[in-house]
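The shown structure was predicted, so the numbers you read here are calculated from the model rather than taken from an experiment. Reminder, nothing fancy here: chain letters follow the sequence lines and each chain counts from 1. Because only heavy atoms are used, hydrogens play no part in the values below, and waters and symmetry mates are left out as well, while side chains stay in.
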Protein chains: 2
Amino acid sequence: MEKPDRRCAIVRATLDLVAEQGFHGAPMALVAERAGVAAGTIYRYFESKDVLINEAFHYLEERFFAAVMEHYPEGAPVRERFLHIGGVLVRYCIGAPLEFRFLEQFHNSPYGVEHRREKLFNKNNRNVITELFNEALGLRVVKDLPLPVLFGLAFGPLLDICRDHILHFIELDDDLISRCVEACWDAIRR
Amino acid sequence: MEKPDRRCAIVRATLDLVAEQGFHGAPMALVAERAGVAAGTIYRYFESKDVLINEAFHYLEERFFAAVMEHYPEGAPVRERFLHIGGVLVRYCIGAPLEFRFLEQFHNSPYGVEHRREKLFNKNNRNVITELFNEALGLRVVKDLPLPVLFGLAFGPLLDICRDHILHFIELDDDLISRCVEACWDAIRR
DNA sequence: TGATAAAAAATGAACGTTCATTCCTGGAGG
DNA sequence: CCTCCAGGAATGAACGTTCATTTTTTATCA
């Protein structure tokens, strides 16, 4: 009606639909319906579907980093900070399965490849995880491996277990999560 | 031509196209053209596109297990056998980037989820990797974690680095591959 | 063997859907 | 009356699949 935030409603509708049914299950007509607007209206706010999807991703990315930073043990040793991030990551993902599914879809698509390429070649990419790993490399507490490899060792398995939990292939509890995050630490620690 | 294997030509065309351009880049019309047959002909050999894609996957899966079994150190300790499998896995994937890209696409799609579900619930699933992990669990040389978690810790990062290598985000050589596989072993070993 | 009929396989235009995007309409606010 | 902009039908491209028809192979019999 008035106009609280049609833009936001459209982004949320996109998130939900993609998460629930994948990119194939989120045609613009459905997005429009769920957002309570007409199909054509979306194009007044977003140039194309690609733009809309990228915006939805950045919205989630921000929320995720905000979650990680809550209670982040700023001055603690590297290991402890890593365990914090890993734990938050897993708990956040299985607590918001829809968001997780969207991120998964995004990463395993041309959108995701483009996103990673930008991150990698844009050297002044500063976020808490990259900084932690660079510090750890300098202190020689982790193995001397390229950053993308460390990322894969540390977070690849964590995302895998989140997916398996959401699909009910396994059941994660606090104890199992801790043991998994520690296993990832074993993979990267020197 | 005579008729050596239209069926095979269709499968290969599917593999190549999906690997190069993803599922979206492999419409039946293109598959037909690349295979040197007419569109309708495909349906004499495969009931539907789904069936065709699953067959292409199984074709690759067999080839992969065959590669793993070459020079497999049958009687060696668990660790050594794991290092063999990991090394072969990475070398095989980066040596056949098209096949790897197909497998990646397959796993990150509803096809892949279905496939994993079947594997998991079909308990009499016997392959060399599952057997190795079960033996390792019995001998208590690896952490006491559910099988899917061990799989994720052990192979998730290896597939990640293969992808990054193929996308030229990193450059793998024999030394780096070894160190990565060993890092994965560190993740699962007790 | 050669001619011919029957069966099988291959063809590719056409179909029905689905989708992202465009465009014309109507109506609210100034 | 004019200006905007939301609405949603219209558009056209792309897709998987079908099917009437043609081509090739196989079987039959003189």
Within this structure, what is the [atom1]-to-[atom2] distance between [X] and [N], rounded to whole angstrom?
X	N	atom1	atom2	value
R7(A)	dC5(D)	CZ	C1'	16 Å
R44(B)	dA8(C)	CZ	C1'	7 Å
I42(B)	dC15(D)	CD1	C1'	13 Å
Y45(A)	dT21(C)	OH	P	18 Å
I10(B)	dA10(C)	CD1	C1'	11 Å

Given the side-chain rings of F169(B) and F151(A), with only the six-membered ring counted for Trp, is the space between their centroids under 6.0 Å?
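No, they do not, as the ring centres are separated by 6.0 Å or more.
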Does E55(B) come within less than 4.0 Å of R7(B), counting only side-chain N to carboxylate O?
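Here E55(B) pairs with R7(B) in a salt bridge, since their nearest N and O are under 4.0 Å apart.
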Ion pair R189(A)/D186(B), N-O distance below 4.0 Å:
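No.
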Under 4.0 Å from OP1 or OP2 of dA10(C): is there any side-chain N or O of R6(B) that close?
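Yes, because at least one side-chain N or O of R6(B) sits under 4.0 Å from OP1 or OP2 of dA10(C).
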Side chain proximity check, F82(B) to C184(B), heavy atoms < 4.5 angstrom:
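Touching, per the 4.5 Å side-chain cut-off.
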Please examine the side chains of L153(A) and L145(A), heavy atoms only from C-beta on, and report whether any two atoms are closer than 4.5 Å.
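SC-SC contact between L145(A) and L153(A) confirmed.
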Just how large is the angle between the end axes of the helix from dT1(C)-dA30(D) to dG30(C)-dC1(D), five pairs per end, to 10 degrees?
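Taking five pairs per end, the axes differ by 10°.
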Rounded to the nearest 0.5 Å, what's the gap from CD1 on I161(A) to CD1 on I94(A)? Could you check?
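So the CD1 of I161(A) and the CD1 of I94(A) are separated by 8.0 Å.
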For residues 63-73 of chain A, dump all side-chain donor-acceptor pairs below 3.5 Å to protein atoms at least two apart in sequence or in another chain.
| residue | atom | partner | partner atom | Å |
| --- | --- | --- | --- | --- |
| R63(A) | NE | E99(A) | OE2 | 3.4 |
| R63(A) | NH2 | E99(A) | OE2 | 2.8 |

Expected rows: protein N/O vs nucleotides 16-20 of chain D N/O, under 3.5 Å:
| residue | atom | partner | partner atom | Å |
| --- | --- | --- | --- | --- |
| dG16(D) | OP1 | K49(B) | NZ | 2.3 |
| dG16(D) | OP2 | M28(B) | N | 2.7 |
| dT17(D) | OP2 | Y43(B) | OH | 2.5 |
| dT17(D) | OP2 | K49(B) | N | 3.0 |
| dT17(D) | O5' | Y43(B) | OH | 3.2 |

So with a 6.0 Å cut-off around CD of E131(B), is the heavy-atom count from everything else above 12?
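More than 12 within 6.0 Å, yes.
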